[in-house]
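Please read the structure below before turning to the comments.
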Protein chains: 4
Amino acid sequence: MTDIHWNTQITKIAPNEIRLRGYRIDDLMGELSFTAAIYLALLGELPSPEATMLMDAMMVASIDHGASPPSALAARTAASTGASLNSAVAAGLLSINRLHGGAIEDCMRMLIEGLRRLNQGSKSIEQIADQLVTDMTAAGQRIPGIGHRIHKNDPRTAKLFSLAQDADLDGDAVRLLAQIQSTLAQKGKSLPINVDGAIAALLVDLNFPPELANAFFFMARVPGLVAHVHEEQTRERPMRRIHPTDHGYDGPEDRSLDT
Amino acid sequence: MTDIHWNTQITKIAPNEIRLRGYRIDDLMGELSFTAAIYLALLGELPSPEATMLMDAMMVASIDHGASPPSALAARTAASTGASLNSAVAAGLLSINRLHGGAIEDCMRMLIEGLRRLNQGSKSIEQIADQLVTDMTAAGQRIPGIGHRIHKNDPRTAKLFSLAQDADLDGDAVRLLAQIQSTLAQKGKSLPINVDGAIAALLVDLNFPPELANAFFFMARVPGLVAHVHEEQTRERPMRRIHPTDHGYDGPEDRSLDT
Amino acid sequence: MTDIHWNTQITKIAPNEIRLRGYRIDDLMGELSFTAAIYLALLGELPSPEATMLMDAMMVASIDHGASPPSALAARTAASTGASLNSAVAAGLLSINRLHGGAIEDCMRMLIEGLRRLNQGSKSIEQIADQLVTDMTAAGQRIPGIGHRIHKNDPRTAKLFSLAQDADLDGDAVRLLAQIQSTLAQKGKSLPINVDGAIAALLVDLNFPPELANAFFFMARVPGLVAHVHEEQTRERPMRRIHPTDHGYDGPEDRSLDT
Amino acid sequence: MTDIHWNTQITKIAPNEIRLRGYRIDDLMGELSFTAAIYLALLGELPSPEATMLMDAMMVASIDHGASPPSALAARTAASTGASLNSAVAAGLLSINRLHGGAIEDCMRMLIEGLRRLNQGSKSIEQIADQLVTDMTAAGQRIPGIGHRIHKNDPRTAKLFSLAQDADLDGDAVRLLAQIQSTLAQKGKSLPINVDGAIAALLVDLNFPPELANAFFFMARVPGLVAHVHEEQTRERPMRRIHPTDHGYDGPEDRSLDT
């Protein structure tokens, strides 16, 4: 043991034995979905089946959003110069920051602050929502998690709240965000909760720490970036000019799970 | 439409409608696990429930391998200098190349070549395994997917093959790899199939293309890297010297799913 | 012209004509050193010969600091897994953050704030140095640019100040930093100005903006990272364990420019 | 000393003494330009003054090429999402691969192979150029270093060759590339030597190894990427759509060194 010996609490490695947060990984295989293992790796405990279902729904919701997001464009740009798959995805990952996906963390912090005030007991949820909106508006800040430049009625948001309700996982954070949205509407700014806001509220209710919000988003998006890089590598000519908005879709036609 | 208009086949975006490979993403949410959505995003079709279960098991098997892998060390090194979470994970991702995780792709290519010869019909699986081993040994190449520097009897390998067998998903690639291992043993090199080999064989039997092998590995490992970076950020002092092997485990004690 | 037309002020490209900040690049070639071109690219004007000499000295001072810095270790770690040269250097670049090289920016900001107060005219440089030290100490902050864990009498610092003096380029920022160091010594903390502090003071006197401080450091260090990655690729075996401190030097023996 | 003790030949660090390739770095400061230090760091010996001048000219030639190159676009894309300066430059660096800047290495390898044949002594330079062109054309390969999509008469190329000639540094590689260009012209493909070709020939004549060609290019381009990221951060609004070609120049007007 040297003077720079150190310890980790994530995974224990011994010959023929690998334990993630205390559990044999070969025991987890076949029992846990990958999503549940992500929860275990990051938070240290197994999620409930309902929490896993909701995590899955949030990650599915975030897996891709077409070719316009900067992360997809940066990954494709790198790929078009001959980058390896992991390097091109890394270029995409470096383009997922505060301003792309970051609204989840901002919204989580706003909700956590609101819940802290709520738990002090002297104010109603309406009063706290009003106070948050007033303070942020006065400070010239946008309310995170509200409004979207493309989707006015984002189907992912409704579905997430409906799934959370069915699983009895819509807690105080969901209530507070709904109150904030309705307070804003009363003040004349009628905007929908967006998917970042919905995910933020559900992650707070699942006790996910806000400093992992960006990670939640990019863990979900990495497979989408892989799909974009692979498509760029197999379909497009190298060094092409990649237009950020003038692109269409020519994939499989509309289809549904029922058929 | 400009002269650089282009198309994607991955995701279609319209106001209030997002379709992944033709399916409404809000229809997929609550129905599909994240793993199944990864399969859909990359391969364009929904996996069977058995294939999803097997993908989940492979991704759980790969989610982390402690603090020794170069990807964990590079990610922690970047984090210790103050890198943001996504930048530190990107440094880790840039350390997942041919020589770290790359055995999956090499093994897939070997098996695909072997299956190509098998499908020509004139040779038995034993003859093909013998030919592959002889050729690679003569060329001074290591047989990918066989042997491990820590685990002589990797529990993940046995579990993957057992799950595949139960799901009736162990096909020709699994048979061929088993034959290669036994051919090697007959030649005096008795080494186990390692987890990279098991994953490679199962991915071939699932029709996963070999050029996505590295992506399969890093998609599974990104959450592990997030856990390492988060632990580095929250537990260790900045700019520490990170020893690559002299580290221990002080996390939760051994526990099992039953309790 | 589309609705997303945009402009740059850096380089103008026309057939057979490339102009950097207004100058034909073929006119600059043979007349300007690379360092002077960096100054022109970043600040928009040509440096004086003395400023070029000082920039050169600062960049030479920063080109490498052996195998211990996290950026060298991260770059070598990526390289040892088979990363391409640019990817491995990118992993190193991602490890140059606030805590590794960041003292230059912190020190520049402290000096700029001090000079702002000095220019208000009512206080002497001794009073301002005392005020800065008192405030930062009270706030529990380290004084950036002072002290080094290896070099107690960093030869690079003395050389930079001597070169600046000869070129008449040691201005108010250098004077203020010297005063801060002597104020600290009077308070019982006798520590040397380190190379980050010297570079910070000279960059302030050269009107370099503080938000480019980190860039100044990594532009100088990238060639050092290239040397480390190249040595790793050509000298070491893949996937080796890279010890962060237990390494020596077996390169050319001590030599001097005179011989 | 542990069992993983290792050595480097680049830089020796002792208290108050830093030696690059054997030279005290404080002795180099003020004597060597940054470019000469790059040469020393990478090749282990000091360059001649003429070689330094030529290296400077090549690096100045490569420092920026406006906003169209994929590396500038990827770096700006990352920056526009809020990436830190080093992360955004890393995204740009990941976009400098075989197909963007890679022609230098390909051309160096072609010239080195040609010179190898020339040194065998039995063939003239005309015969070798003819053989190379015939072989590569038959194999469907483009001749690297010849032709440019924007510049038909690249002023950088002429300047580099003229500077090399004045410094007596245009050796066999320059002669061979000129012969290849004229052989192509005789075969009806009259295309100019481009700047990648000129740099490749000069680097071969300077004994630069071809595996560092990409590094040569990106070391020169990193400051350009810094300028682009800084401009993006200070001038553009976040998350804008970055058009890859529809952009202009509104910087300083044409000016010359004489005025």
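In what follows, chains are A, B, ... by sequence order, proteins preceding strands, each numbered from 1. The structure displayed is predicted, hence computed values, not measured ones.
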- Query: Under a 4.5 Å heavy-atom cut-off, does chain D meet the side chain of A/Ser68, its backbone, both or neither?
  - Reply: both

Going by atom type alone, with no hydrogens or angles, which donor-acceptor pairs under 3.5 Å involve a side-chain atom of residues 104-112 of chain A and a protein atom two or more places apart or on another chain?
from     : atom 1 : to       : atom 2 : distance (Å)
A/Glu105 : OE2    : A/Arg109 : NE     : 3.1
A/Glu105 : OE2    : A/Arg109 : NH2    : 2.9
A/Asp106 : OD1    : A/Arg98  : NH2    : 2.3

- For the student: nearest non-hydrogen atoms of D/Pro244 and A/Ile242, plus distance: CG-O, 3.5 Å

- Item | Selection from A/Leu73, A/Leu93, A/Thr245, A/Leu99 maximising heavy-atom pairs under 4.5 Å formed with chain D | A/Leu99

- Item | D/Arg241 side-chain N/O to A/His243 backbone N/O, donor-acceptor pair under 3.5 Å | no

- Is the count of non-hydrogen atoms from other residues, nucleotides or ligands lying under 6.0 Å from A/Lys187 atom NZ greater than 12? yes

- Item | Most chain D-contacting option - heavy-atom pairs closer than 4.5 Å, from A/Ala78, A/Gly92, A/Ala90 | A/Ala78

- Message: More than 12 heavy atoms of other residues, nucleotides or ligands under 6.0 Å from CZ of A/Arg142: yes or no?
- Response: no

- Tell me, with the steps shown, if A/Leu94 and D/Leu94 meet side-chain contact (heavy atoms from CB on, under 4.5 Å). CA-CA 10 Å; A/Leu94 292 172; D/Leu94 292 172; 4.2 Å; yes

- What pairs with A/Ala74 under side-chain contact (heavy atoms from CB on, under 4.5 Å), at least two apart in sequence or on another chain? A/Ser95, D/Thr77

- Over all atoms of both residues, closest heavy-atom pair of A/Gly82 and D/Asn97: C-CB, 3.8 Å

- Choice from A/Ser84, A/Ser80, A/Ala83 maximising heavy atom contacts with chain D below 4.5 Å: A/Ala83

- Mind ranking D/Ala88, D/Ala91, D/Ala75 by heavy-atom pairs under 4.5 Å with chain A and telling me who comes out on top? D/Ala91

- Query: If you round to the nearest 0.5 Å, how far is OG of D/Ser87 from CD1 of A/Ile96?
  - Reply: 12.5 Å

